[in-house]
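Notes to accompany the following structure.
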Amino acid sequence: MSGTPRRPVRPDPRPPAAGARPERVWYASYGSNTDPVRLRAYLLGGRPAGAARPTPGCRDPRPPERSVPLELPGRLHFATRSPVWSGGRAFWDPDAGGTTWARAYLITFGQFSDIAAQEMYRTPGPGTDLDPAGALADGRAALGPGRYETLVCPGFVAGLPVLTFTAPWRCGEVPGVRPSAAYLRHLAAGLLDAGAWEASAVARYLAAAPGAEGWTPERVAELMPGAAKPAPDTA
């Protein structure tokens with residue numbers, strides 16, 4: 001990372017009335033989609049580096065208008081085994097102590113719905129459009145029992161809602177599963193590219209997440225752009 005570090009944004013508290021379904025939202029990614037290269041496969045379709053299968057892409061393939069580094073209350077953890085990445089997936093427990101580093105992308109609500117559908121291995125279409133009313137009104141809504149079907153609105157940035165999805169379970173309620181190098185490489189690259197955190201801090205942050213046992217800060221650092229030797233994918 002070079003230049004002046006950017007200051008991470010913290011979402012503002014929810015306004016008294018959430019209003020109608022928004023046209024644009026801040027999609028808060030705390031997992032591999034922090035990397036815009038990986039997110040591009042969800043927008044345009046295709047297979048990102050290290051993934052076992054392609055994704056169909058969004059109905060609206062336009063890139064995000066902008067992105068900002070984001071800090072969320074709660075904790076990042078890794079659990080369940082992804083057939084795409086051959087390792088643990090990232091989840092966010094908003095009720096746990098600590099701070100989760102994320103990246104918020106300004107996209108349309110339709111794009112957000114399509115990304116959520118692809119995270120659940122569904123093909124985006126009219127039947128997969130999300131209903132944000134519960135999350136906008138109450139901060140959280142279970143749209144289904146799936147691993148990424150709990151919709152969370154932790155607040156607002158510049159008057160627009162911040163939305164993300166996570167699992168219905170808490171950190172520690174399911175066994176941790178160590179993420180693969182291919183998956184963690186996207187997460188590390190995305191946080192570093194956000195411009196708010198130094199490489200050494202990103203490495204320590206990811207290695208300390210529950211479920212990442214076996215990953216040390218030194219090994220995570222080897223995954224980052226410019227590292228001399230990438231870690232093997234069998235971490």
Side-chain angles (χ1 to χ4, degrees), residues 21-67 70 72 76-92 100 102-132 134-136 140-154 161-169 177 179-180 182-191 193-194:
R21 169 178 153 166
E23 292 185 5
R24 294 150 68 232
V25 301
W26 291 99
Y27 162 42
S29 173
Y30 51 84
S32 64
N33 284 340
T34 56
D35 185 357
V37 174
R38 194 274 178 270
L39 179 66
R40 193 175 301 132
Y42 275 142
L43 295 171
L44 298 176
R47 187 169 71 180
R53 65 177 68 166
T55 51
C58 292
R59 289 168 286 179
D60 178 354
R62 290 176 295 175
E65 293 182 37
R66 58 182 291 218
S67 70
L70 194 70
L72 300 171
L76 171 76
H77 63 108
F78 297 100
T80 74
R81 183 169 297 277
S82 168
V84 175
W85 299 105
S86 301
R89 301 178 176 96
F91 295 100
W92 172 50
T100 296
R103 192 167 189 173
Y105 295 96
L106 186 56
I107 60 176
T108 69
F109 183 76
Q111 288 176 312
F112 177 78
S113 292
D114 287 355
I115 291 169
Q118 292 174 85
E119 287 282 11
M120 291 298 297
Y121 307 144
R122 297 171 183 146
T123 300
T128 60
D129 287 340
L130 300 178
D131 180 1
L136 292 175
R140 194 177 312 181
L143 304 182
R147 62 190 177 279
Y148 287 126
E149 291 187 313
T150 297
L151 190 60
V152 183
C153 176
V162 177
L163 289 175
T164 194
F165 34 77
T166 190
W169 56 77
V177 177
S180 67
Y183 184 77
L184 206 60
R185 184 176 289 114
H186 284 293
L187 217 168
L191 291 177
D193 183 67

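None of these values were measured; they are calculated from a predicted model. Counting begins at 1 with the first residue of the sequence.
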*Dump the intermediate steps for salt bridge (charged side-chain N to carboxylate O under 4.0 Å, His left out) on Arg185 and Asp35, then the final yes or no.*
CA-CA 9 Å; Arg185 184 176 289 114; Asp35 185 357; over 6 Å; no

*asked:* Quick one, Tyr105 with Gln111, criterion side-chain contact (heavy atoms from CB on, under 4.5 Å). Give me CA distance, side-chain angles, the key distance, then yes/no.
replied: CA-CA 11 Å; Tyr105 295 96; Gln111 288 176 312; over 6 Å; no

*Just wondering, more than 12 heavy atoms not from Glu65 lying within 6.0 Å of its CD?*
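Yes, the 6.0 Å shell around CD holds more than 12 heavy atoms from other groups.
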
Might you point out which heavy atoms bring [X] and [Y] nearest each other, and give the distance in Å?
X	Y	result
Leu184	Pro179	CD1-CG, 3.9 Å
Ala141	Gly134	CB-C, 3.9 Å
Ala52	Pro83	CB-O, 3.6 Å
Thr150	Ala167	OG1-C, 3.8 Å
Gly87	Val177	C-CG1, 4.1 Å
Ala102	Leu191	N-CD2, 4.3 Å

Does any N or O in the side chain of [X] come within less than 3.5 Å of the main-chain N or O of [Y], such that one atom is a donor and the other an acceptor?
X	Y	answer
Arg147	Glu119	yes
Thr55	Gly46	yes
Gln118	Gly57	yes
Ser113	Leu130	yes
Tyr183	Ser86	no
His186	Leu39	no
Ser180	Trp85	yes

_Check Arg59 with Asp129, please: is the shortest side-chain N to carboxylate O separation under 4.0 Å?_
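Salt bridge between Asp129 and Arg59, a charged N being under 4.0 Å from a carboxylate O: yes.
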
*Ring centroid separation Trp92 to His77 under 6.0 Å*: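 No: the rings miss the under 6.0 Å criterion.
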
*Measure centre to centre between the rings of Tyr30 and Phe91, then say whether the value is under 6.0 Å.*
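No, they do not, as the ring centres are separated by 6.0 Å or more.
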
*Should the pair Phe165 and Phe112 be assigned to parallel (<30°), tilted (30 to 60°) or perpendicular (>60°) ring geometry?*
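Rings of Phe165 and Phe112: tilted, 30 to 60°.
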
_Charged tip of Arg103 within 45° of Tyr27 ring normal and under 6.0 Å_ =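 That pair does not qualify as a cation-pi contact.
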
_I'd like to know whether Arg24 forms a side-chain contact (heavy atoms from CB on, under 4.5 Å) with Phe109, so could you lay out the CA-CA distance, the side-chain angles of the two residues, the decisive distance to 0.1 Å, and finally the verdict._
CA-CA 5 Å; Arg24 294 150 68 232; Phe109 183 76; over 6 Å; no

